[in-house]
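Throughout, a chain's letter reflects where its sequence line sits, starting with A, and its residues are numbered from 1. Note that these values count all heavy atoms, side chains included, but never hydrogens, waters or copies made by symmetry.
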Amino acid sequence: MPGEKGQECFSNEAKSSARFGRRSSFRFCWKRSRRWNMITAGTRICRKGGFMRYSEMFLPTGREVPSDAELISHQLMIRAGMMRKLTSGVYSYLPLGYLVIRKFEQIVREEMNRAGAQELFMPMVQPAELWQESGRWVHYGKELLRFRDRHDRECCLGPTHEEVITDLVRNDIKTYRQLPRNLYQIQTKFRDEIRPRFGVMRCREFGMKDAYSFDMDEAGAETSYRKMFDAYQRIFSRCGLRFRPVEADSGSIGGNFSHEFMVMADSGEDAVCYCGGCNYAANLEKAEIARPATKQKKSKNSPMEEVHTPNVRTIDEVCDFLSVSPEDVVKTLIFSADEAAVAILIRGDHEVNEAKVRNFLGCASLELADEEMIRKATGSSRGFAGAVGIRCRILADYSLMEMNDCVMGANREDYHFRHVKPGRDFTIADYADLRIIREFDTCPRCGGEIQFARGIEVGHVFKLGTKYSRAMKAVYLDRNGKEQVMVMGCYGIGIGRTVAAAIEQNHDADGIVWPLPLAPYAVIITPVNVNETGLSDAAEALYRNLSEAGIETILDDRDERAGVKFKDADLIGIPYRVTVGPKRLADGKMEIKNRRTGETTILPVSEVAPFLSARIRESGGTDG
RNA sequence: CGGGGCGUAGCGCAGCCCGGUAGCGCGCCUGCUUUGGGAGCAGGAUGCCGUAGGUUCAAAUCCUACCGCCCCGACCA
């Protein structure tokens, strides 16, 4: 038990404390809990912080870059002994990695609790019935890992917990007096990803903080959403990450509004756009494009003309053949929207954003039409579709509003029209924002210039509305005794992914450079040679001092050469290294090196602990 | 699921074409020397050569099937 007197941990017989490592790491996980405070009440030391002797730690570092790791964070997490792969998309965290995970989880807990959410813990195995009730047993797809138990009952591993939480709440929340509620857990999820990759960044089994809010009405839900949004800002700020909340499409979880929290990194899987002028930011799928204010440009009003374009199908071929630029061509794409043909008109140099089309049409399925549907709608094969005379609904992107002398397919094999004028030669029923935003487009909010960047999605906040509460009858009685449907929100943070993202943003040629709040230890003490008793004793004494000061410290007491220890210290990214060597110690001094800046400070032994305490406090490393 | 690549010592790899003693570097163990940026010397251990069949006097090597891993794509929170 960790409840024994703290002093025992630091017997003067420094080298005999083999048990200390084990006990102290247990302490660490309780460090800010009420129980721990009770346990340690009255003891002078070990109040907080983790301590470790390197020689006793299971910390296998490696020099070689693992051959199957592509991302720098993945490589470093393996090399730094943070994790190991069990099988595709499934990883074990080793002690060092798990320390960091818990550091982050603790920050998440503190901010969730501060925002008024309550922690609970739900099962990973879930019965099919709940998913059938929400409709997702059918719709979720193959990422939902399904299986049968010994009684042949259908089950799944939870990829998310809307069903379970909604079931919990509907059974025990009956009245408006019990609302609002926000419940969260930090728990393992399983999503049977089609292609796991990038280590813990996109894996199948992963830790996630998921929170769910239940409110009486839209206004309440809005408040809950805002609270979570703010909490997320604090969480990622506290970790010292460069991030950006971006507007996002709500995807298949359902609902009507969401923000993604993106940690900015060139290696990120997601493209985001943002405005240099205002704070507008969105993922590419969601990014709006303003309706153009200008009318059609003036032109000489030439009559439409059919031209023979043998085997000229793509935009490039059309441009070459007719000596026009893509901005003068209209692409006509035939989609099958819930089995019905729809023609999407878009400027030749633009790309269709299928999410926007889907949202505009409100259809369940949308895919490019097959050859047969194209022929039916246009009377021609792929590559010659155009709006003139087409036999299906026409939807045009806003960009068409400015075009008036364009080239488009003639719905006839090997023919295109030129000098086509929308409005004169055919009619457009609906204009909408249907294209994918491009870099240097105009910001839909302020008219500034849109820029692109890449990011890693570490958090996502959704307004779910009543999608689940309605399907699963999560209702309450209002003041008037009338039954109302609860309004929900859900809020996720990828735990391991955030840690990996932090490495993507914080590393150099020598290894990881932890931001202090995530660092497994704040300080590493490196006696240059443990066989010189003077050095060893001085290092041990400092280890004791730092521990008493509550500074999380690892003592590199291995009988290794200095170079090896320095390399490992850099690799695992400990923010401060105290080198205990003969040159400085002869003058009663030690050297402190800042991992990030490389800055070294030489101080008398007695000033080392106060100096580190002050630095760490400044950086928000110990208290949060 | 389609395309490509790879499975040989803990890690990184050679050997395979052209069948015949299983190798290199790092790591690991022992000893001596060394000790402020991944030490030197000497000695040593470690392999179902992914699995199963087949061809052959003989298979890491050739053939077939399967399994696993990685990359690209399709797909998707």
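Between Asn283(A) and Thr61(A), the residue anchored closer to the 5' end of RNA chain B is Thr61(A), taking for each the nucleotide with the nearest heavy atom.
U64(B): glycosidic angle beyond 90° from 0, hence anti.
Across all strands shown, Lys85(A) has heavy atoms under 4.0 Å from sugar-phosphate atoms exclusively, and none from any base. If you check every strand for non-hydrogen atoms under 4.0 Å, Lys189(A) touches nothing. Note on Glu193(A): nothing from the nucleic acid sits closer than 4.0 angstrom, heavy atoms only.
Residues from residues 119-134 of chain A placing a heavy atom under 4.0 Å of any atom in RNA chain B do not occur.
Across the protein-nucleic acid pair, Arg197(A) atom CZ and C72(B) atom C1' stand 9 Å apart, rounded to whole Å. Atom-to-atom, CZ of Arg195(A) to P of G4(B) comes out at 15 Å; the value is rounded to the nearest Å.
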Give the table of side-chain donor-acceptor pairs shorter than 3.5 Å for residues 119-129 of chain A, with sequence neighbours excluded, one pair per line with atom names and distance.
residue: Glu119(A); atom: OE1; partner: Arg109(A); partner atom: NE; Å: 2.7
residue: Glu119(A); atom: OE1; partner: Tyr184(A); partner atom: OH; Å: 3.4
residue: Glu119(A); atom: OE2; partner: Arg109(A); partner atom: NE; Å: 3.0
residue: Glu119(A); atom: OE2; partner: Arg109(A); partner atom: NH2; Å: 3.0
residue: Gln126(A); atom: OE1; partner: Trp131(A); partner atom: NE1; Å: 2.8
residue: Gln126(A); atom: NE2; partner: His161(A); partner atom: NE2; Å: 3.1

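Formation of a donor-acceptor pair under 3.5 Å by the Trp514(A) side chain with backbone atoms of Ile572(A) is found in this model.
In terms of the side-chain hydrogen bond (donor to acceptor under 3.5 Å, both in side chains) criterion, residue partners of Ser134(A) (sequence neighbours excluded) are, by chain and number, Glu163(A).
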Anything under 3.5 Å between a protein N or O and an N or O of nucleotides 8-15 of chain B, put it in a table, one pair a line.
residue: G12(B); atom: OP1; partner: Ser67(A); partner atom: N; Å: 3.3
residue: G12(B); atom: OP1; partner: Ser67(A); partner atom: OG; Å: 3.3
residue: C13(B); atom: OP2; partner: Ser67(A); partner atom: OG; Å: 3.3

Between protein and nucleic acid, restricted to nucleotides 28-36 of chain B and to nitrogen or oxygen atoms under 3.5 Å apart, what atom pairs and distances do you find?
residue: U34(B); atom: O2; partner: Arg561(A); partner atom: NH1; Å: 2.8
residue: G36(B); atom: N2; partner: Glu591(A); partner atom: OE1; Å: 3.0
residue: G36(B); atom: N2; partner: Glu591(A); partner atom: OE2; Å: 2.6

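Among Met83(A), Lys85(A), Glu205(A), His74(A), the single residue meeting the side chain to side chain contact (heavy atoms under 4.5 Å, CB included) criterion with Val200(A) is Met83(A).
At most 12 non-hydrogen atoms from other residues, nucleotides or ligands lie less than 6.0 angstrom from NZ of Lys227(A).
Applying the 3.5 Å distance criterion, the base of C76(B) shares a donor-acceptor pair with the side chain of Arg202(A).
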Nucleotide by nucleotide, nucleotides 40-52 of chain B touches protein heavy atoms under 4.0 Å in the pattern (B base, S sugar-phosphate only, - none) -------------

